[in-house]
Every structure is written in structure tokens, then in C-alpha cells.
There are 2 protein chains.
Amino acid sequence: MKIGQATIKDIAKALNVSSSTVSRALKDYPGISDETKRKVKELADKWNYRPNAVALSLRKSKSFTIGVIIPEVVHFFFSTVISGIEEVAFMHGYNVILCQTNEKLKREISSVETIISNQIDGLLVSFSKETTNFDHFKRLIEQHYPVVFFDRIPNLENSVNITVNDYQGAFDATKHLISQGYKDILHLAGPRNLDISKNRMNGYMDALKEAEMPVKPHRIIECPEGVQEESFKICAKVFKEQDRPDAIFANNDMAAAGAMRGVKSLGLKIPEDVGVVGFSNWQFSSMVDPPLSTVSQPGFKIGERATQLLIEMIEQKGDEPFTPKLEILETELLIRGSSVR
Amino acid sequence: MKIGQATIKDIAKALNVSSSTVSRALKDYPGISDETKRKVKELADKWNYRPNAVALSLRKSKSFTIGVIIPEVVHFFFSTVISGIEEVAFMHGYNVILCQTNEKLKREISSVETIISNQIDGLLVSFSKETTNFDHFKRLIEQHYPVVFFDRIPNLENSVNITVNDYQGAFDATKHLISQGYKDILHLAGPRNLDISKNRMNGYMDALKEAEMPVKPHRIIECPEGVQEESFKICAKVFKEQDRPDAIFANNDMAAAGAMRGVKSLGLKIPEDVGVVGFSNWQFSSMVDPPLSTVSQPGFKIGERATQLLIEMIEQKGDEPFTPKLEILETELLIRGSSVR
DNA sequence: ATCGTAACCGCAATCGTTTGCGACAATGTG
DNA sequence: CACATTGTCGCAAACGATTGCGGTTACGAT
């Protein structure tokens with residue numbers, strides 16, 4: 001009365017047939033009598049037979065499992081991406097193995113090792129802030145191993161990438177602030193080695209240029225950590241000066257939230273004295289006071305689309321290399337209280 | 001010049017030895033000459049040999065993988081738990097397979113199936129809101145399959161459980177409101193079939209009793225969804241009446257946030273007119289206005305501890321059943337602006 | 001010359017499943 | 001009656017690694 005671990009061999013022995021017969025009977029192969037099929041299926045059902053996925057993986061060198069390498073799980077954007085990944089993977093019968101790098105390169109490399117030795121069918125990657133050398137991914141791509149980069153994408157030949165239009169999002173956000181009459185917009189920038197930070201900064205700068213407003217280097221301040229305290233301190237200082245900005249475009253909502261606190265701590269009012277726009281539409285942004293205007297990234301969609309692409313690659317027959325790709329999903333500017341006066 | 005997929009056989013063939021010799025040489029078994037060991041290791045290194053984890057799983061019926069079944073990934077509390085799980089699993093050389101149920105029983109059952117057929121070594125479970133029948137878990141436990149329930153724990157014989165002291169957290173929160181002079185405290189309760197909701201409600205009621213305040217049934221309103229709009233509407237209505245409460249203890253922060261908006265929409269002031277305390281310390285709760293007092297649950301710790309317990313169970317030799325357990329972690333009341341006048 | 005004894009290594013089974021090929025019987029055909 | 005055909009099924013190899021047991025050398029001892 002085995003449960004969940006009866007094997008084909010057990011069934012074969014009990015019915016006095018060979019494992020091949022059982023295997024074929026279960027899949028309705030021709031060449032097996034109806035009588036045998038019936039008996040096999042009956043017993044398989046009774047014993048609650050489930051094929052051993054590990055044996056199948058070994059035999060077929062396919063595990064129906066995809067790996068996800070992600071900087072952090074506790075992050076609203078990434079968790080929505082994971083959710084999208086999980087949905088599509090589940091629909092297609094794939095499992096998801098999760099590796100969190102905590103923004104550490106070493107951990108990322110070790111995760112790639114794990115992935116390889118576990119016969120995982122493909123990989124979804126958003127690399128860590130520390131990652132500047134991509135050899136560990138390059139090797140995979142050269143071997144035609146299915147990899148899709150999302151959000152943070154590398155500059156690698158023949159890679160498949162999906163990201164959001166950070167440039168446009170930043171452009172729209174900045175333009176919106178300008179249209180609201182703000183004249184001196186501070187940009188709280190992200191880590192310099194991430195393309196997404198650069199793109200957002202460029203969007204910011206181009207929006208200023210388009211409006212024929214000066215791009216002042218001292219109005220771009222890097223917030224490498226992206227935590228609240230960082231931007232709080234920066235703004236508490238910058239906005240105390242005589243010649244202060246009258247608006248903020250932040251690289252992400254967390255920085256924007258810290259900035260809002262910093263500005264408020266000086267007695268300045270949002271949005272009357274200072275307009276603020278963030279990036280990513282974190283869960284809290286609609287709940288702060290005033291509600292934070294932000295650029296929403298389609299996290300769930302990214303996860304979905306990245307997984308679709310990956311599964312297509314996995315299931316593509318033959319040995320041809322994958323066609324390199326770069327898909328860019330559009331952002332959406334959510335205008336709320338923090339930037340409308 | 002294979003990379004990442006050289007097998008023992010390949011090495012054996014290249015060196016004209018048997019696979020057994022290669023296997024033994026790589027693990028420094030006695031009975032292999034130093035010369036052979038050297039050659040084997042050299043080639044293994046050159047070819048970047050990595051043992052095939054799938055083959056190992058099959059041979060040893062152990063996969064060094066643990067499964068996590070969780071209602072939702074996009075949820076601050078659960079994402080911190082996942083993070084804790086991932087940390088400890090990684091430290092011990094285990095992989096993490098993630099299954100999100102989206103609060104659906106059907107999906108949960110299907111995930112359990114997957115887990116079984118994938119030879120996964122053990123399971124961490126927080127079940128869905130729909131789950132009232134636990135047969136799919138019961139079977140596992142009866143087979144002495146390692147399972148640890150966390151946060152939402154079932155009433156099952158011989159199960160291993162870890163959760164937080166919801167009762168005490170709710171008790172503390174309510175007592176705090178009372179000590180601030182609030183006289184009529186509304187409880188926005190959670191789904192009735194979850195023990196955690198019941199425990200929180202009991203904590204609320206006992207705190208009232210201890211203060212010799214009446215427990216009024218109409219001051220306990222269920223918010224099964226736990227989304228903002230739900231509690232927003234409820235509070236926008238309840239607080240419009242003449243005989244209105246003067247404080248709110250919510251089953252979670254999301255409900256509390258909606259409640260705050262509902263109360264504010266009527267022109268009432270927090271904390272002067274109405275005090276509010278939430279539960280879970282979601283990321284946004286310190287950023288709303290005023291900052292939300294809440295009960296913080298040690299999500300990361302739960303994940304860590306649950307995984308430790310699970311790995312101990314997995315690595316416990318022998319067939320003895322696991323000793324049932326119930327570990328309760330303490331919560332911490334975070335007093336912020338929403339409840340101090 | 002014979003035997004014992006290390007030292008070193010290979011054979012083959014095993015984990016559970018799939019699958020090409022061949023075996024055997026029953027049946028039909030000439 | 002001899003042969004081909006069809007319907008059923010089993011054998012064995014394969015996936016990659018491990019491991020008990022046995023085999024082959026070379027060496028020294030008797």
C-alpha cells in the first residue's frame with residue numbers, strides 16, 4: 001500500500017510483466033493489449049503511482065525546472081516579477097528554483113554553479129549591483145544554454161533581454177514636473193554601474209534639455225544604497241540652502257520617500273514648495289502623505305514575458321543559437337498628490 | 001573542451017581508466033595511486049567537471065532541495081520569510097523550490113504532487129486561506145516525510161510548527177490603545193478559518209476584558225480580503241455614525257492603512273480623534289502619515305528557524321517519526337504616531 | 001618455484017524510466 | 001503444410017554517479 005513512491009518496477013513485479021510493458025501501457029503506446037493496459041492503469045491508480053521526476057530528468061536531460069537569480073526577494077518590484085515568473089512556469093508545468101544573491105557577486109557565481117549541476121533547463125537573471133564582470137553568464141550563453149536577463153540587463157553579445165523603458169519613464173516623470181511649473185529639479189540617482197540608473201538619469205537630462213532648462217551637475221546626487229536614510233540626509237541638507245531645488249525626481253520610491261521626509265522635516269510643503277516623483281510604484285507609494293507620484297514598472301508582466309521567452313528557448317528544438325533579443329516594456333506615469341500643485 | 005557538462009565517463013575514457021576509478025580518485029578514496037588521482041583531478045579541473053546532481057539524487061534518493069509552499073510572494077511578510085528560508089538553505093547547500101498557491105487549495109494540492117514526484121527532501125508550508133481539509137499534508141506526515149508548517153499552522157497530529165505569538169501581539173496592541181485612553185476599540189478581523197486571525201481576535205478581546213471594558217460583537221468586523229478598499233469602505237461608514245469607535249486595531253497593516261484613509265476621509269484626525277494599530281509591520285507602515293503603530297512579526301527569523309528545523313529533520317537518520325513541535329516566536333509592538341496622543 | 005599479500009583498479013549492479021530491437025506465439029495466406 | 005504477418009511483450013542499454021566485490025598485477029618471502 002505504497003503512497004506516492006510506487007515505481008514502475010513495483011507495478012511490473014506485481015503484475016508479472018516487464019517494466020517496459022508498464023511504461024508503455026501507462027502512455028497508451030500501441031503494441032500493448034487492452035487487457036494489460038487496464039490492469040496496469042488500475043494498479044497504478046490504486047497505488048497512486050507518480051513518475052519519478054528525477055529519473056526522468058536523468059534520462060531526458062530535462063528537468064522542467066527553471067532557475068531564477070535575483071538580487072533580493074524582499075523588494076516589491078522583484079517580488080512581483082517572481083510572481084509573474086511563477087504563474088507562467090506553473091502553467092507550463094515548470095518548477096521554479098529561487099536563488100537570492102543579496103547583491104553579492106560571489107553568491108551569484110555560486111548560484112550559477114548550482115544551476116548547472118542541477119540540470120536546470122534555463123535561467124532568468126537580474127544580476128547584482130556588484131556584478132561588473134559577466135564571464136559566468138557568458139560561458140552559459142556560448143554553450144547555448146537558455147538565459148533571459150530581465151530588468152537589469154548586461155551588454156552581452158547574443159543575449160536575450162527584457163527590461164522596461166527606464167529612459168522614457170524618467171523622461172515622462174521629469175517632463176511632468178516641468179509642466180507643473182517646477183524650475184529646479186534635483187535627481188537622486190542610482191548606482192552608476194547599473195544601466196537602469198544611467199537610463200533614468202539620461203531620461204531626466206533629456207527632458208530638461210527638451211525644455212531648454214540647464215542640466216546642473218550638482219543637481220544630480222547618487223544614492224547607491226537606495227535606502228530611506230540616505231536620501232533623507234541628502235535632502236535635509238540640500239533643501240536647507242538658500243539656492244534650493246523645488247522638485248525631486250528620485251531613482252526609486254524608497255529614495256523618494258526618504259526625500260519627502262527630509263523635505264518635510266525642514267517645514268517645506270509637498271507639493272506646494274517641492275514636487276516629488278519616484279520610480280517603481282512600490283506598494284507604499286500610494287499610502288504616503290501626500291501620495292507619491294511615480295513611474296510604474298510592469299513587474300508582473302516582466303516576469304511573465306521573461307518566462308515565456310525562456311520556455312520558448314528551452315523548447316526550441318535543434319542546436320541553433322538563440323536569436324538575441326531586447327524587449328522593452330513601457331512604463332506608466334502615475335500622477336498623484338506629490339507632484340501636482 | 002567541454003564546459004560544465006563533462007561527466008565521469010568522459011574523464012574515464014580520456015584517461016583510459018574506469019568510471020569507478022575516476023569517482024574514487026575525485027573523492028580521495030584509498031586504493032587509488034597518487035599518480036592516477038593527480039591525473040584525474042587535473043583533467044576534472046581542466047574540463048571544469050561538476051557532478052551531475054540529478055544522477056546523485058536518483059542514486060541517493062536525496063536532492064538537497066526543499067520546497068516552499070506559500071500563499072503569495074508579493075506580500076511583505078512572506079517575502080521576508082522566503083528571504084530567511086533562502087539564507088539558511090543556501091548555507092546548508094540546499095536549493096529552494098518555490099510554489100505560490102495564490103490562496104487556492106487546488107494549486108496547493110498540485111504543488112504537493114510536484115514536490116513528491118521531484119524527490120524533494122522536505123517541505124515548508126504556509127497553507128492557503130481556502131485550505132480547511134489537510135489530507136494532502138496528512139499523508140506526507142504519516143509517511144514521515146519532513147514537513148514544517150510556518151505562520152499559518154494546522155491542527156494536525158505529529159506536525160512540526162512554527163509561528164508567532166499572534167495572541168500576545170494583539171493583546172499588547174490593544175492594551176497599548178487602552179493605555180492611551182481610547183475607550184471604544186474597533187477590531188478589523190481576518191478570515192475566520194485562519195488560526196492567526198482567531199488568535200489575534202482573542203488577544204484583542206482578552207485585553208479588553210483585562211481592562212474591564214465590554215467586548216461588543218458589533219465592534220468586530222471581518223475583513224476577509226485584507227485589501228485596502230475593504231477596510232476603507234467599512235470605516236468610512238462606521239465612523240460616520242454618532243456612536244462611533246475611537247480606535248482601531250486591525251488584523252494587518254493593509255487593513256489599517258485603508259482604515260486610516262477611511263477615517264481621514266471623514267475629517268477625523270489620527271491619533272487625536274482615532275487611534276490606529278496594525279499588524280505585521282509592512283514596509284509602508286512607517287511611511288504613512290502619521291506613521292502606523294504596528295506589531296512586528298519576525299518574518300526573517302521564522303524563515304530561518306523553520307528551515308533549520310526542516311534540515312534537522314531531513315538529516316535525522318533512521319525511520320523514527322519526528323517529534324511534534326510548536327515553536328512560538330515573540331512579536332514586538334512598534335509604537336509610532338498613529339496611536340499616541 | 002610457489003605462495004601470500006599488498007596495491008591498484010574494473011565489473012556490474014543500482015537508482016527509475018524510456019525505447020530500439022528482437023522474440024515468440026497466434027493467426028492468416030498460399 | 002510452409003511461410004509471412006500481426007499482435008504482444010521482454011531484453012538490455014542508456015542517462016551519471018556510487019560502491020561492494022572480485023580480479024589483476026608486482027613484489028617479497030619462503
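Letters go in sequence order (proteins before strands), and every chain restarts at 1.
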Which part of the nucleic acid, if any, lies within reach of Val54(A) when heavy atoms closer than 4.0 Å are counted: base, sugar-phosphate only, or nothing? nothing
Judged by modelled atom types alone, do Ser61(A) and Gln119(A) share a side-chain donor-acceptor pair under 3.5 Å? no
Measure the distance from CG on Asp10(B) to P on dA17(D) and round it to the nearest whole Å. 8 Å
Need one value for Ser33(A): base, sugar-phosphate or nothing, where a base atom within 4.0 Å counts as base even if backbone is also close, heavy atoms only. sugar-phosphate
Taking atom types as they are modelled, would you say the side chain of Arg24(A) forms a donor-acceptor pair with the base of dG7(D) within the 3.5 Å cutoff? no
Measure CG/Asn52(B) against P/dT14(C) and give the value in whole Å, please. 21 Å
Contact class for Val22(B) vs. all strands (heavy atom < 4.0 Å): base, sugar-phosphate, or nothing? nothing
Just how far, in rounded Å, is P of dA17(D) from OH of Tyr29(B)? 15 Å
Do the side chain of Ser57(B) and the base of dC15(C) come within less than 3.5 angstrom through a donor-acceptor pair of N or O atoms? no
Could you give the NZ-to-P distance, from Lys9(A) to dT14(C), as a whole number of Å? 7 Å
State whether Phe64(A) and Lys62(A) meet the cation-pi test: NZ (Lys) or CZ (Arg) under 6.0 Å from the six-membered ring centroid, and within 45° of the perpendicular axis. yes
Would you kindly compare Arg59(B) and Asn16(B) by the position of their nearest DNA chain C nucleotide and give the one closer to the 5′ end? Asn16(B)
Side-chain donor-acceptor pair under 3.5 Å between Thr36(A) and Ser33(A), yes or no? yes
Could you check whether Ser63(B) and Asp121(B), counting side-chain N and O atoms only, form a donor-acceptor pair closer than 3.5 Å? yes
Given dT18(C), dC9(C), dT18(D), which nucleotide is nearest the side-chain atoms of Thr36(B)? dC9(C)
Side chain of Lys60(B) only, heavy atoms from C-beta on: which candidate in dT17(C), dG10(D), dT18(D) is closest? dT18(D)
Looking at Thr21(B), does any N or O in its side chain come under 4.0 Å of the phosphate oxygens OP1/OP2 on dC9(C)? no
Starting from P on dC9(C), measure out to CD on Glu35(B) and report it in whole angstrom. 9 Å
Among Val125(A), Ile116(A), Thr131(A), which residue satisfies the side-chain contact (heavy atoms from CB on, under 4.5 Å) criterion with His136(A)? Thr131(A)
Which of the following nucleotides, dG16(C), dG10(C), dT18(C), is nearest to the side chain of Thr7(A)? dG16(C)
With heavy atoms under 4.0 Å as the rule, sort Pro51(A) into base, sugar-phosphate or nothing. sugar-phosphate
Atom CD1 of Ile8(A) and atom C1' of dC9(D): how far apart are they, to the nearest Å? 15 Å
Is there a donor N/O on one and an acceptor N/O on the other, under 3.5 Å, for the side chain of Arg50(A) and the base of dG16(C)? no
Within this structure, what is the CG-to-P distance between Leu58(A) and dA13(D), rounded to whole angstrom? 17 Å
Using whole Å, what does the distance between atom C1' of nucleotide dT18(C) and atom NZ of Lys27(A) come to? 8 Å
